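What follows is one structure encoded as structure tokens, with my remarks underneath.
Treat the numbers as computed from the prediction; the structure is a model and nothing was measured. Letters A, B, ... mirror the listed sequences (proteins, then strands); counts begin at 1.
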Protein chains: 2
Amino acid sequence: MAAKTTLKDLAKMLDVSISTVSKALNDSPEISLPTRIKIKELAASCNYVPNNIAQSLKSKSTKTIGVIIPSILIEFFNKVLYGIEAEATKRGYKIIICLSNETFKKEQESIDTFINGSVDGIILSVAEETQKTNQISHFQKSLNYSLPMVMFDRVLDDIDCDKVTVDDLEGAYKATKFLSKTAGQNILFLNTLSGISVGRLREQGYKKAMANLKRTPIVLNLENYKAIEKGLGSVLKEQKIEAILAADEYSALLAMNVARLNGFSIPDDISVIGFTNGLISEYAMPSLTVVSQHAENIGSLAVDRLINRIEKKSTPDAIHDVVKTKIIERNSTKKIKK
Amino acid sequence: MAAKTTLKDLAKMLDVSISTVSKALNDSPEISLPTRIKIKELAASCNYVPNNIAQSLKSKSTKTIGVIIPSILIEFFNKVLYGIEAEATKRGYKIIICLSNETFKKEQESIDTFINGSVDGIILSVAEETQKTNQISHFQKSLNYSLPMVMFDRVLDDIDCDKVTVDDLEGAYKATKFLSKTAGQNILFLNTLSGISVGRLREQGYKKAMANLKRTPIVLNLENYKAIEKGLGSVLKEQKIEAILAADEYSALLAMNVARLNGFSIPDDISVIGFTNGLISEYAMPSLTVVSQHAENIGSLAVDRLINRIEKKSTPDAIHDVVKTKIIERNSTKKIKK
DNA sequence: TTGAAAGCGCTAACAG
DNA sequence: CTGTTAGCGCTTTCAA
């Protein structure tokens, strides 16, 4: 079974025209039932499969969605991807994935590979470098090519497209309030994401809550994980800290470890909350209380928005969905006092 | 900028033929330099991008690889994916990902979406259900369509295609030996993957090492994580266990937790080694000693094999690469005695 | 009810 | 050096 069977082959074998075969296989009422059956049987016995590429060229629709994520090693994105894949499959779309690895260059290249007609629309979360340097020309370009696009989680204000974000500000606000009620008001915010939109929003939410509590915020902007060990360690020695809110999951775990190394116990001396509800939080010891972002919902919502846009079911104006967060209580925080 | 610019458009604007434009843009020496430049300038100013679909139809090559993985929430697969993406990108290929979610049905559907010409080859790891029920017709089918295919990690003996697997047997053997030297010879094997090939191989390796040590193996086949808490807990109460080898990372962490709940300390009373080197092992407390499978290498190797096959650079016979494992020592095991 | 023909956007053999 | 033509596999209008 070397070359694939085509309509032409089938037509020749039955001595009918190509268009008859095409119509028959597509159940066109134009074709009489007997010939329709005959053609279908032959097609089946030849394992005929319509060539998707040719169909796409004709229909100008690929039924595939391009997805660009900054990293495949961050569980949040995988959960979103999971939601994207499930929803896309349900609606008859495939997904093609590119990784930007947080760089502008790869993000731009990915956009370029999508612009050439291989996808019907794009879902993406902006790379860290792009957000920091605020380079937006490549997005502008894909919009110019009238390729529908939806951004999730890490978005750019300057780009006018559908967006799905997390209510990070409110999430941090709620978490801070939660900590103040269960642990005390000496709450530190550990920000490993100050360069990107979500990090800034989380910081704002924290500060808002602290202002509300009439406390001065204590923010630690530490870019890499090694800096946390040093930076956080020395703060813990100097001031009384009763709770830590971390901008991501890994730094929350690290914070727990650093606190313990400094002789504090979790959650009795210090409570810890992290962002993102990943497996790692569940399996940590103690398990980590987190602000969950409903990653899967974000994925499916993004797909919904995009497909509506592709199929022209959306309003002309860009839609910005904001998904609420939820605190998932585990053992790194004290229980709420009744 | 509504409709995309095509060769036809450019040709009309300059009043030349379509093929001249095509050749000029492809830097054909057939076209004189001045016209070549003129055409290129126009193309650039019109933001011309060649239509990939049309090119694919013509060339019968899509420069994309289809990838089917059982789950995107298992870090091992993400690391492999990372390797796949990097290598594929390097070699000018895109990847399109389908998730089988461990089910035969979704795996079969994914194969079907790939068969219709949208990819040049397939890389996959077999779904758990498929391995358990040993259904192989869909793989046979894609092979019949002469779609190159390479299987990684979870493979099927009955399918004749290139394969990249981990030397799981040797990895478990090495780990068991390591434990016997550092912790003692009362070693338990916790198998959560007995239904799939890798789980069986790891068990064999463990048993081989135990036989070598002249000890009776203690194997705990526990399908789900909840069963571990009960099952492992009662064994720890009844017998003297000095070390635990777990078939995956999560059960290793759980084993640590269960051991501690039963009053044992890690690694002083019980040493623990898990399979797979994920972030979760690094961030655990204590950090977990693991058998690393070089996931990224597996990914890039699989891509290499596949592209060679696609581009007909391979020998006719199927190639089976076996990647060696490496023990990464952390704090859940005692140091080797000098 | 069936078929011929055009065309999606591109490439390439062949003519001029 | 440039253009004509055919064709990749499919859909679809229009004619028979």
Whole-Å distance, A/N116 CG to C/dC10 P, equals 10 Å
B/K106 with B/E109: basic N within carboxylate O range, under 4.0 Å: no
**Donor-acceptor pair under 3.5 Å, A/K4 side chain vs D/dG9 base** = no
- Presence of A/S32 side-chain N/O under 4.0 Å of C/dT2 phosphate oxygens OP1/OP2: yes
Here the distance between atom C1' of C/dT1 and atom CG of A/L14, to the nearest Å, is 16 Å
* Asked: OP1 or OP2 of D/dC10 sitting under 4.0 Å from any side-chain N/O of A/Y48?
  -> yes
Atom CZ of B/R36 and atom P of D/dC1 are separated, to the nearest Å, by 9 Å
- Answer yes or no: is there a side-chain heavy-atom contact under 4.5 Å between B/T20 and B/L14? no
- Decide, yes or no, whether a salt bridge links A/K90 with A/E87 under the criterion of side-chain N to carboxylate O below 4.0 Å. yes
d(A/L7 CG, A/N51 CG) to nearest 0.5 Å is 9.5 Å
B/L57 atom CG is separated from C/dG7 atom P, nearest whole Å, by 17 Å
Taken to the nearest whole Å, CD1/B/I18 to C1'/D/dT4 is 11 Å
Open item on the list: Is B/T35 close enough to D/dC1 that one of its side-chain N or O atoms is under 4.0 Å from OP1 or OP2 there?
Closed with: no
note: B/I31, atom CD1; C/dA12, atom C1'; distance rounded to Å ~ 12 Å
Between A/A54 and A/V16, whichever has its closest DNA chain C nucleotide further toward 5' is A/V16
Would you state whether a donor and an acceptor, one from the side chain of B/S19 and one from the base of D/dT4, lie under 3.5 Å apart?
yes
Any donor-acceptor N/O pair under 3.5 Å between D/dG9 base and A/K58 side chain: no
Under 3.5 Å donor-acceptor pair, B/K23 side-chain atoms to D/dG3 base atoms
yes
_Plane angle bin for A/F76 and A/F152 - parallel if under 30°, tilted between 30 and 60°, otherwise perpendicular_ = tilted
Under 4.0 Å: is that the gap between some side-chain N or O of A/S17 and OP1 or OP2 of C/dA4?
no
request  = Give a yes/no on whether any side-chain N or O of B/Q55 is located under 4.0 angstrom from OP1 or OP2 of C/dT11.
outcome  = yes
A/D27 atom CG is separated from D/dT11 atom P, nearest whole Å, by 13 Å
Measure the acute angle between the ring planes of A/H138 and A/F104, then classify it against the limits of 30° and 60° as parallel, tilted or perpendicular.
perpendicular
Notebook entry, point to check: Below 4.0 angstrom from OP1 or OP2 of D/dT11, is there any side-chain N or O of A/K60?
Noted result: no
A/I39 CD1 to D/dT11 C1', in whole Å, measures 15 Å
Which of C/dT11, D/dT11, D/dG9 is nearest the side chain of A/T6? It is D/dG9
| said: D/dT11, OP1 or OP2 - any side-chain N/O from A/N26 closer than 4.0 Å? | reply: yes
Problem - Any B/T20 side-chain nitrogen or oxygen under 4.0 Å from OP1 or OP2 of D/dG3 - result: yes
